[in-house]
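Reckoned from all heavy atoms, side chains included, excluding hydrogens, waters and symmetry mates.
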Amino acid sequence: MDSYLNQNFDLKSKHSSDEALEKWRTVVGFVKNPKRRFRFTANLSKRYEAAAMRRTNQEKLRIAVLVSKAAFQFISGVQPSDYVVPEQVIAAGFQLCADELGSIVEGHDVKKLKFHGGVSGIAEKLSTSTNTGLSSDAALLSKRQEIYGINKFAEPEAKGFWVFVWEALQDMTLMILGACAIVSLVVGIAMEGWPAGAHDGLGIVASILLVVFVTATSDYRQSLQFKDLDKEKKKITIQVTRNDCRQKLSIYDLLPGDIVHLNIGDQVPADGLFVSGFSVLIDESSLTGESEPVVVNDKNPFMLSGTKLQDGSCKMLVTTVGMRTQWGKLMATLSEGGDDETPLQVKLNGVATIIGKVGLFFAVVTFAVMVQGLLRSKLQEGTIWSWSGDEALKLLEFFAVAVTIVVVAVPEGLPLAVTLSLAFAMKKMMNDKALVRHLAACETMGSATGICSDKTGTLTTNRMTVVKSCICMSVKEINSTNKASFCSEIHESAIKLLLQSIFMNTGGEIVTSKDGRREILGTPTETALLEFGLSLGGDPQTERQASKTVKVEPFNSTKKRMGVVLELPGGGLRAHTKGASEIVLAGCDKVIDSNGEVVPLDEKSINHLNATINEFANEALRTLCLAYLELKNGFSSDNAIPVSGYTCLGIVGIKDPVRPGVKESVAICRTAGITVRMVTGDNINTAKAIARECGILTDDGIAIEGPDFREKSQEELLKLIPKIQVIARSSPMDKHTLVAKESADVIILDDNFSTILTVAKWGRSVYINIQKFVQFQLTVNIVALIVNFSSACLTGSAPLTAVQLLWVNMIMDTLGALALATEPPTDELMKRAPVGRKGNFISNVMWRNIFGQSFYQLMVIWYLQARGKAMFELDGPDSTLKLNTLIFNSFVFCQVFNEISSRNMEEINVLSGILNNSVFVAVLGCTAVFQIIIIEFLGTFASTTPLTYSQWGLSVVIGFFSMPIAAALKLVSV
């Protein structure tokens with residue numbers, strides 16, 4: 001079975017080819033209910049539509065860029081446009097309509113942009129300011145929304161409960177059973193009148209309706225879970241300026257006229273125009289398929305929704321939102337295409353296909369055997385050409401039983417059980433601060449054998465503070481009590497340069513929040529430096545007013561530094577740089593001494609500074625070097641900022657404490673067969689110190705720097721990688737932190753390493769839960785098929801009727817999935833090795849439990865069939881009905897207790913934590929209650945008869961004995 005599944009139903013967890021997606025759909029073959037079976041699979045035709053739209057976008061933008069380039073040559077000859085502002089727009093207080101705005105940005109229309117007064121002119125016509133942003137007045141925002149729309153793309157309308165009922169009714173086998181029920185009703189009423197002749201038909205109809213409504217309820221609840229998860233996924237915020245205040249705003253609340261602040265790794269949330277910024281590179285591949293990044297600046301200010309900032313930072317004026325953007329239209333099409341099915345869903349489709357074919361074969365043979373028995377008796381009686389109504393109903397009953405065997409045998413809910421389990425896990429993980437964007441990610445994390453973790457904020461608390469410094473060659477500890485003395489001990493000129501460097505060469509920003517408080521925005525490193533500058537009495541506003549920024553080079557993970565060029569009040573230019581200590585220090589040839597004078601950087605001074613860097617690093621401090629350079633007047637903003645000739649201002653050591661619980665989590669990962677590696681941009685000594693503190697770096701482990709790692713050959717890497725535990729001085733090629741977070745399948749909302757462990761545990765739980773469910777379902781399948789088949793062959797009739805089999809199907813399929821697929825994870829899951837993607841899904845342990853349980857149940861049922869009447873002294877006309885009821889009751893209770901045994905496939909104690917799973921307890925309770933109702937009160941419809949207390953007791957005991965049998969089986973090693 002596993003080789004067949006790996007050959008035909010093997011799918012990658014991400015980016016599977018269209019051929020692979022098409023292949024398994026072709027192999028599936030017989031499907032009872034395609035609408036339900038393929039509900040959570042990708043709509044490939046919609047995917048092809050989206051691909052065609054991308055190609056169209058690519059061509060549109062290529063032409064637009066060519067046109068805009070040509071337009072620059074003739075820009076001086078712009079003629080007045082014939083654009084007329086619609087009255088509705090004028091009445092609302094604006095001078096540009098949404099269509100005109102859309103045509104400017106989407107069409108890269110330089111002429112129209114120039115005609116409307118450039119970016120500032122468009123801002124004015126949108127009644128906004130590029131400095132203060134929009135007013136937060138609700139009435140004004142509502143009016144703006146009416147004219148320009150909202151920043152949401154059209155999504156398919158949520159399905160109501162009755163749609164799920166209709167889809168459940170599309171099951172082919174249920175429709176055939178429905179037809180059988182109608183024929184049975186007609187024939188039965190014609191022969192026996194109403195209501196006696198309607199019992200059999202109504203019983204089947206009632207069972208079908210029960211199955212349909214329970215299935216629809218389960219599917220509807222599942223859809224609501226996904227709806228809730230989608231809402232969580234959409235809680236994406238971005239920095240905007242409104243009412244002259246920086247604030248966080250949901251991207252779905254953005255309106256034309258908003259001023260958005262974007263940084264490296266951010267996705268552009270709407271179409272817009274570049275207002276100001278530095279070194280902006282845009283990746284438009286998601287929209288156009290083009291991999292080459294686009295430079296955005298004053299000359300090319302057009303920014304499209306859905307693209308990403310590959311480098312730099314900027315302010316953007318929002319012009320077009322929602323479905324008026326190409327991204328909105330593309331996303332609407334993609335949302336109809338759906339997500340890729342997960343590897344486990346596809347594999348279970350394969351399992352369902354195999355079992356379905358076997359079940360179909362048994363159903364046909366069972367029907368043939370029962371019909372042959374009826375025909376043989378009629379031949380012996382010589383009545384082959386004369387048929388009574390009872391005989392016709394008998395034939396119809398045979399057909400209904402055969403169809404019901406197919407209903408039971410084809411586990412249509414098997415692939416959906418994966419979705420149910422994944423949805424349940426995703427909901428729980430959300431509570432544990434992990435946002436899962438794609439279902440397959442849960443499975444992938446369950447099979448993970450290695451975790452590469454960033455240091456800052458994941459292994460550490462992300463609350464950085466400057467705790468040590470070496471300014472003017474003097475090492476000092478920084479704390480709240482000595483900051484005043486710190487300033488008095490350092491020369492005033494050095495303090496001025498230090499504050500200028502901190503406040504002007506920064507990617508952070510000090511803003512005033514809505515409640516009037518001062519707030520620092522930026523990375524934790526920038527925040528720590530700005531707080532340090534403020535504690536020294538610095539005033540960022542004064543520094544910004546005193547000098548003009550000429551050029552900015554934002555922090556670059558490749559260069560490991562950032563820089564700024566300032567035009568000073570008295571004339572002249574000064575460059576400031578900061579970054580990785582050893583890299584910036586290597587570009588310095590001077591230093592400020594203890595007297596505040598600039599002196600050459602001799603060997604003694606270099607050794608002192610390098611020793612300081614190592615001392616700080618060995619104390620697990622992140623070190624940064626700050627330096628400056630007086631530039632000649634010939635410097636142009638088109639030139640790159642120099643990397644050498646600097647004067648060293650000093651070195652700061654920034655503390656970021658290790659998170660509580662990280663060391664324990666790393667130890668658990670090691671026990672679970674998961675190797676944890678730390679990938680960081682820090683100095684190697686800092687990285688090693690923190691890795692040891694976290695328990696990541698062991699005595700036999702290797703710590704390596706990114707540049708060395710990248711120079712290794714393939715053969716060397718194969719030998720090294722198993723031992724590598726730390727990569728320091730990493731580049732974006734090694735970790736892609738910011739961009740990776742945006743495109744990740746699982747986002748750790750609290751950036752806590754312990755949460756990664758929780759995700760891995762839930763991933764394993766999903767896999768194990770589905771295995772439990774498959775084990776339980778296959779046991780029921782095997783017993784139900786063999787019992788009905790063998791009885792048909794030996795006696796010419798089946799002990800389990802259509803109505804009874806439909807009830808068993810519901811226990812096995814919908815209720816079984818609810819009970820077993822929603823089991824929470826246990827700590828025991830992290831004491832075993834991960835399951836590989838190519839591992840056998842139905843393991844030897846599962847086959848042992850399946851065959852052992854099936855053998856026990858078959859022996860009991862066959863014994864009851866053979867000796868049951870004598871054993872219970874059953875005689876009279878209803879003795880067979882009584883015995884069949886007893887067999888049916890025993891069979892159901894075997895499944896109830898087998899469901900409990902399936903909670904753990906290897907451990908004998910299956911009751912541990914059972915009361916913590918309310919769904920499981922509720923399913924068991926409902927099954928038992930409904931079984932009592934079916935036996936005691938629905939005998940006419942379900943072909944049962946009330947049982948005595950002793951018979952009930954025996955049924956429960958037979959079922960209960962499946963638990964010690966299961967425990968004994970677990971002692972057999974496989």
If the condition is side chain to side chain contact (heavy atoms under 4.5 Å, CB included), which residues does [X] pass it with, not counting sequence neighbours?
| X | value |
| --- | --- |
| Ala216 | Phe161, Phe164, Val165 |
| Thr675 | Arg677 |
| Leu785 | Phe362, Ile405, Ala409 |
| Ser665 | Phe753, Ser754, Leu757 |

So which atom in [X] and which in [Y] form the shortest heavy-atom distance, rounded to 0.1 Å?
| X | Y | answer |
| --- | --- | --- |
| Pro834 | Ala672 | CD-O, 3.3 Å |
| Phe891 | Gln857 | CE1-OE1, 3.9 Å |
| Asn769 | Ala821 | ND2-O, 3.6 Å |
| Leu818 | Val919 | O-CG1, 3.3 Å |
| Tyr220 | Gly160 | CE1-C, 4.0 Å |
| Glu899 | Leu815 | OE2-O, 4.0 Å |

Taking ring-ring contact (aromatic ring centres under 6.0 Å, His included) as the definition, give me every residue that meets it alongside [X], ordered by chain and number, with sequence neighbours left out.
| X | answer |
| --- | --- |
| Phe851 | Trp847 |
| Phe855 | none |
| Tyr856 | none |
| Phe920 | none |

Roughly how far, to the nearest 0.5 Å, is [atom2] of [Y] from [atom1] of [X]?
| X | Y | atom1 | atom2 | answer |
| --- | --- | --- | --- | --- |
| Met846 | Ser902 | CE | OG | 9.0 Å |
| Met429 | Trp762 | CE | CH2 | 7.5 Å |
| Asn849 | Gln771 | CG | CD | 11.0 Å |
| Leu820 | Gln777 | CG | CD | 10.0 Å |
| Ser791 | Ile861 | OG | CD1 | 8.5 Å |
| Ile900 | Leu924 | CD1 | CG | 5.0 Å |

Minimum side-chain heavy-atom gap [X]-[Y] below 4.5 Å:
| X | Y | result |
| --- | --- | --- |
| Met830 | Thr671 | no |
| Asn898 | Gln895 | yes |
| Cys894 | Ile958 | yes |

By the side chain to side chain donor-acceptor pair (under 3.5 Å) test, which pairs, at least two apart or in different chains, include something from residues 909-932?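 Non-adjacent pairs meeting side chain to side chain donor-acceptor pair (under 3.5 Å): Trp807-Gln931, Glu823-Asn917, Asn889-Gln931.
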Show me the side-chain donor-acceptor pairs of residues 967-974 shorter than 3.5 Å, one per line, residues at least two apart or across chains.
| from | atom 1 | to | atom 2 | distance (Å) |
| --- | --- | --- | --- | --- |
| Lys970 | NZ | Ser901 | O | 3.4 |
| Lys970 | NZ | Asn904 | O | 2.6 |
| Lys970 | NZ | Glu907 | O | 2.9 |

Qualifying salt bridge (charged side-chain N to carboxylate O under 4.0 Å, His left out) pairs, either residue in residues 761-773, two or more places apart: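 Found Lys761-Asp827.
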Checking Lys831 now: which residues fulfil salt bridge (Lys or Arg N to Asp or Glu O under 4.0 Å) with it, not counting sequence neighbours?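 Lys831 satisfies salt bridge (Lys or Arg N to Asp or Glu O under 4.0 Å) with Glu828 once adjacent residues are dropped.
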Tell me yes or no: between the side chains of Gln775 and Gln853, is some donor less than 3.5 Å from an acceptor?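 The answer is no; no qualifying pair exists.
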